[in-house]
Amino acid sequence: MKNYILILSVFAIAVGFTACNSLKKSVDTEHSNNISLDWQGVYTGVLPCADCEGIQTVIHLDSNSNYQLETTYLDKPDKTETKKGTFSWDKDGGKITLDNLSKTSYPVYYAVGENNLVQLDLKGNPITSELASKYILQKENNPIVEKYWKLVELNGRAITPPAEGQPEPHLILKAFNNWVSGNAGCNGFGGTYEELPGNRIKFSKIFKTLMACPNLKNEDELFMVLEKADNFSYSDDTMTLNKAKMAPLAKFVAVYF
């Protein structure tokens with residue numbers, strides 16, 4: 001009888017231990033960063049560089065496990081390298097790996113935190129040097145920057161899709177250095193912008209390429225919009241550039257990679 005009671009006791013302890021472990025795993029899974037954090041979005045920052053001033057880095061992460069990585073050396077601001085691919089989570093849900101990249105040429109491991117990404121070393125471990133605090137990308141909370149804005153309406157007129165092989169009119173507002181770049185439908189352009197309180201915005205120092213294009217009407221109007229616009233509106237991935245309280249001068253929609 002004593003042996004029977006002893007066996008039952010051991011069995012009960014074993015079952016309880018297993019249940020506790022299962023509960024712990026369930027709680028851990030529910031609180032892993034890939035589930036508990038709002039990690040989708042755009043992360044930006046200037047990461048250290050061994051032989052340059054720094055690397056302006058932008059990482060887009062979407063809910064379908066796609067990423068876009070943009071890197072620009074500060075001493076070569078006109079040359080941006082863009083890589084695209086998918087990313088995967090580790091078993092604990094706290095770290096991602098950017099796939100489709102050479103691990104000897106690019107940092108591919110990042111720890112996902114509350115509104116930040118922390119670059120890890122080439123083996124996926126935390127960087128412990130005195131520059132460790134510099135390897136952090138912050139999540140952008142500005143809804144209009146680091147997005148591909150496709151022009152869909154100009155002075156109340158719908159924009160027709162471009163001919164095959166032709167670029168579509170668009171612009172991108174970069175978080176770093178307040179740089180704006182894009183294409184007007186044939187000619188590329190660049191310049192700077194200043195975002196002010198009250199959804200005010202000002203474009204300046206706009207320059208463009210000088211390609212021979214068959215129809216420059218839309219291009220000329222878009223450049224006039226950039227010259228006139230003094231405020232913007234944003235809602236549900238739609239942005240308009242406006243002059244005072246007049247009708248929108250130009251309407252854009254966000255296009256995701």
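Ile59 and Val42 are not part of a single hydrophobic cluster, where members link through side-chain heavy atoms under 4.5 Å apart. Note: the hydrophobic cluster containing Tyr234 also contains Leu241 (ILVMFWY, side chain heavy atoms under 4.5 Å, direct or indirect links). Transitive grouping of hydrophobic side chains (ILVMFWY, heavy atoms separated by less than 4.5 Å) keeps Val58 and Leu171 in distinct clusters.
The heavy-atom pair separating Lys147 from Ala254 by the smallest distance is CD-CB, 4.3 Å. The nearest pair of heavy atoms linking Pro248 to Asn242 is CA-OD1, 3.4 Å. The two residues Ser88 and Asp99 make their nearest non-hydrogen contact at OG-OD1, 3.6 Å. Shortest non-hydrogen contact noted between Lys95 and Gly124 is NZ-O, 3.2 Å. In this structure, Val255 and Lys150 approach most closely via the heavy-atom pair CG2-CB, 3.8 Å. Nearest heavy-atom pair, Ala175 versus Glu140, reported as atom, atom and distance to 0.1 Å: CB-OE2, 3.3 Å.
Under the 4.5 Å side-chain criterion, counting only non-hydrogen atoms from C-beta, Glu195 is in contact with Phe232. Between Leu98 and Tyr106 there is no side-chain heavy-atom pair separated by less than 4.5 Å. Using a 4.5 Å heavy-atom threshold, the side chains of Leu226 and Phe189 count as touching. The closest side-chain heavy-atom distance from Glu114 to Asn33 is not below 4.5 Å. Contact annotation: the side chain of Val145 approaches that of Tyr193 to within less than 4.5 Å [non-hydrogen atoms, C-beta and beyond].
The only option from Phe87, Tyr67, Tyr110 that meets the ring pair (Phe, Tyr, Trp, His ring centres under 6.0 Å) definition with Trp39 turns out to be Phe87. Just one residue in the list Asp62, Asp237, Asn64 forms a side chain to side chain donor-acceptor pair (under 3.5 Å) with Tyr256, and that residue is Asp237.
Note: Thr71 OG1 to Lys76 NZ = 11.5 Å, rounded to the nearest 0.5 Å. Taking CG from Leu173 and CZ from Phe203, the interatomic distance works out to 5.5 Å, rounded to the nearest 0.5 Å. Between the CD atom in Gln68 and the CG atom in Leu61 there is a gap of 11.0 Å [rounded to 0.5 Å]. In this structure, CE on Met239 lies 9.5 Å from CG on Leu151, to the nearest 0.5 angstrom. To the nearest 0.5 Å, atoms SG (Cys213) and CD (Gln166) are separated by 7.5 Å. Atom CD1 of Ile55 and atom SG of Cys49 lie 4.5 Å apart (nearest 0.5 Å).
Between Tyr148 and His170, the ring-plane angle classifies as parallel under the 30° and 60° cut-offs.
The local environment of NZ in Lys174 is crowded, with over 12 non-hydrogen atoms from other residues, nucleotides or ligands closer than 6.0 Å. Environment of OH in Tyr73: sparse, with no more than 12 heavy atoms of neighbouring residues, nucleotides or ligands closer than 6.0 Å. In this structure, Glu227 places its CD atom where only 12 or fewer heavy-atom neighbours from other residues, nucleotides or ligands lie under 6.0 Å away.
With sequence neighbours excluded, the residues satisfying side chain to side chain donor-acceptor pair (under 3.5 Å) with Lys217 are Glu221.
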